[in-house]
Number of protein chains: 2
Amino acid sequence: MSLVHISTPKPKDVTQKVVDALALAIHEHRLAPATKLGEDEIGEIYNVSRTVVRAALQSLAHIQLVEIQRNKGAFVASPTPREAREVFEARALLEPRTARSAASRATPNDIEILKDHIAKEHAALDVGDNGRALNLSGRFHIEIARIADQDTIRRFIETLIARSSLVIALYWRRESALCESHAHHALVQAIADGDEQNAEELMQSHLVDLNSALDFRDRPAQTLNLRELLQATDQ
Amino acid sequence: MSLVHISTPKPKDVTQKVVDALALAIHEHRLAPATKLGEDEIGEIYNVSRTVVRAALQSLAHIQLVEIQRNKGAFVASPTPREAREVFEARALLEPRTARSAASRATPNDIEILKDHIAKEHAALDVGDNGRALNLSGRFHIEIARIADQDTIRRFIETLIARSSLVIALYWRRESALCESHAHHALVQAIADGDEQNAEELMQSHLVDLNSALDFRDRPAQTLNLRELLQATDQ
DNA sequence: TGCAGCAATATTGTATACAATAAAGTATAT
DNA sequence: ATATACTTTATTGTATACAATATTGCTGCA
């Protein structure tokens with residue numbers, strides 16, 4: 001199942017296409033948190049029926065990229081400061097160990113793939129396409145989880161990376177240093193060397209760095225969120 | 001979202017009812033791995049349309065309690081030995097830390113809830129209802145994650161517990177000692193005492209014990225699985 | 001008998017139609 | 001002029017209808 005999700009050419013899975021398109025838009029920050037995702041609207045855009053749109057939205061809701069409110073509709077998720085903190089706490093718990101595993105298992109081909117990711121990331125940054133760079137940075141982390149060869153934990157990390165995109169959209173503080181490809185580079189080196197200890201520590205400090213670039217104190221305060229938060233008549 | 005999932009009375013969420021009913025049946029081992037879950041059939045049982053059945057099945061597929069094969073249908077998941085091992089590896093990574101957190105945060109009321117769980121577990125075992133006992137044992141672990149007050153990790157643990165049910169159905173070795181409520185009792189004591197270190201270690205050894213009661217060497221070899229594995233024409 | 005190809009059946013994938021709920025607008029009364 | 005009740009509109013929730021695919025059974029032939 002999970003393998004299928006990764007590797008298949010997917011001749012005709014319309015739902016997945018919609019899922020991927022929406023997820024990409026969110027990851028690249030083209031869809032802002034709390035944006036309403038009307039079923040008819042999306043259906044018209046992709047020329048599919050509401051049936052498949054609903055399936056896609058439910059799929060995205062499961063990984064918490066969108067939030068569905070009964071009889072209200074689907075919205076791009078808007079993590080609270082608390083949720084945002086939790087996402088990075090969970091990443092700190094899972095990813096260092098995963099990087100260690102990756103260091104013990106990576107093949108030369110895997111290293112090539114990682115370096116390729118970094119190169120693309122640089123290219124995107126040079127062009128000024130921060131959205132794409134952010135997305136690639138996330139996929140870099142997912143790639144490490146894949147190399148670690150633990151499907152279950154990889155799936156968890158995938159959802160955390162996805163949500164990180166939203167967290168960054170809401171709580172990013174600094175202007176520059178968007179994805180510290182320097183850290184990524186060092187990490188690849190450790191993994192290539194099979195240096196498990198170093199890989200684990202580098203990943204840990206990388207996540208600490210990321211965390212320190214976020215500011216969870218002030219909350220989103222988006223129009224849509226405000227409105228729904230004020231009326232506590234939620235069922 | 002996740003909070004809603006826990007606390008709301010849910011006046012009319014038909015889909016969730018179907019999800020819960022099917023999940024319970026799987027957890028209690030009334031539905032065996034690889035069982036076909038026809039849409040019409042389930043719809044007739046619960047008097048709902050295929051629309052909601054499909055939504056429910058997709059929801060269950062996401063937490064990997066069922067596997068959906070395109071144009072083939074939905075089946076109760078049947079974890080491979082490898083997947084089974086991964087589930088418990090992930091639990092070993094997440095749950096000890098979570099138990100530690102729970103020990104640092106638990107209120108007297110939380111302790112009551114945990115003790116209540118254990119009591120129910122005993123009662124079910126006395127009646128000989130192993131399915132219900134297993135389900136309660138799983139909910140005990142989820143309860144600890146709830147006390148730890150980390151929604152994100154709790155959700156991960158919930159999916160792992162759910163899959164553990166299937167793993168146990170397929171790979172359980174021993175006859176007796178189904179849920180070692182002794183271990184649960186000691187764990188509650190440590191949490192009640194706020195003894196973080198002990199709680200973490202007890203959870204770790206508890207999971208090791210569970211793992212040692214499983215035998216991943218021989219694979220399921222179910223009729224349905226065999227058939228689909230032999231024909232590698234999957235898309 | 002056994003197999004190949006085709007026909008019939010059943011099941012899933014998708015689209016549409018109807019029902020229920022929420023949101024918005026309007027009119028009336030104070 | 002504001003607030004409240006009602007009406008209208010829009011959107012989601014659910015059921016059904018149709019299309020596509022897979023499975024099964026049959027027929028004919030070697």
*Asks:* Under the side-chain contact (heavy atoms from CB on, under 4.5 Å) test, which residues partner A:Q150, sequence neighbours left out?
*Replies:*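 Partners of A:Q150 under the side-chain contact (heavy atoms from CB on, under 4.5 Å) test: A:I153, B:E86, B:E89.
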*Asks:* Would you list the protein and nucleotides 13-16 of chain C atom pairs, both N or O, that sit under 3.5 Å from each other?
*Replies:*
{"unit_1": "C:dG13", "atom_1": "OP1", "unit_2": "B:N71", "atom_2": "N", "d": "3.2"}
{"unit_1": "C:dG13", "atom_1": "OP2", "unit_2": "B:R54", "atom_2": "NH1", "d": "2.3"}
{"unit_1": "C:dG13", "atom_1": "OP2", "unit_2": "B:R54", "atom_2": "NH2", "d": "2.9"}
{"unit_1": "C:dG13", "atom_1": "O3'", "unit_2": "B:R70", "atom_2": "NH2", "d": "3.3"}
{"unit_1": "C:dG13", "atom_1": "N7", "unit_2": "B:R50", "atom_2": "NH2", "d": "2.9"}
{"unit_1": "C:dG13", "atom_1": "O6", "unit_2": "B:R50", "atom_2": "NH1", "d": "3.1"}
{"unit_1": "C:dT14", "atom_1": "OP1", "unit_2": "B:R70", "atom_2": "NH2", "d": "3.4"}
{"unit_1": "C:dA15", "atom_1": "OP2", "unit_2": "A:S49", "atom_2": "N", "d": "2.9"}
{"unit_1": "C:dA15", "atom_1": "OP2", "unit_2": "A:S49", "atom_2": "OG", "d": "2.8"}
{"unit_1": "C:dA15", "atom_1": "N7", "unit_2": "A:T51", "atom_2": "OG1", "d": "2.7"}

*Asks:* Strictly below 4.0 Å, N to O, side chains only: are B:D116 and B:K120 in salt-bridge contact?
*Replies:*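 Judged by the 4.0 Å cut-off on N to carboxylate O distance, B:D116 and B:K120 do form a salt bridge.
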*Asks:* Identify all side-chain donor-acceptor contacts of residues 42-57 of chain A below 3.5 Å with residues at least two apart in sequence or on another chain.
*Replies:*
{"unit_1": "A:S49", "atom_1": "OG", "unit_2": "A:T51", "atom_2": "N", "d": "3.3"}
{"unit_1": "A:R50", "atom_1": "NE", "unit_2": "A:E39", "atom_2": "OE1", "d": "2.8"}
{"unit_1": "A:R50", "atom_1": "NH2", "unit_2": "A:E39", "atom_2": "OE1", "d": "2.9"}
{"unit_1": "A:R54", "atom_1": "NH1", "unit_2": "A:E39", "atom_2": "OE2", "d": "2.8"}

*Asks:* Please check the phosphate of D:dT23 (OP1 and OP2 only) for any side-chain N or O of B:K36 closer than 4.0 Å.
*Replies:*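 It does not, given that no N or O in the side chain of B:K36 lies less than 4.0 Å from OP1 or OP2 of D:dT23.
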*Asks:* Hey, would you say the B:H117 and B:H184 ring centroids sit under 6.0 Å apart?
*Replies:*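 Between B:H184 and B:H117, which both carry aromatic rings, the centre distance is not below 6.0 Å.
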*Asks:* What's the CD-C1' distance between A:E67 and D:dT12, to the nearest Å?
*Replies:*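 My rounded result for the distance is 16 Å.
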*Asks:* Where do B:L166 and B:P33 come nearest, in terms of heavy atoms and distance?
*Replies:*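 Between these two residues, the closest heavy atoms are CD2-CG, 4.2 Å.
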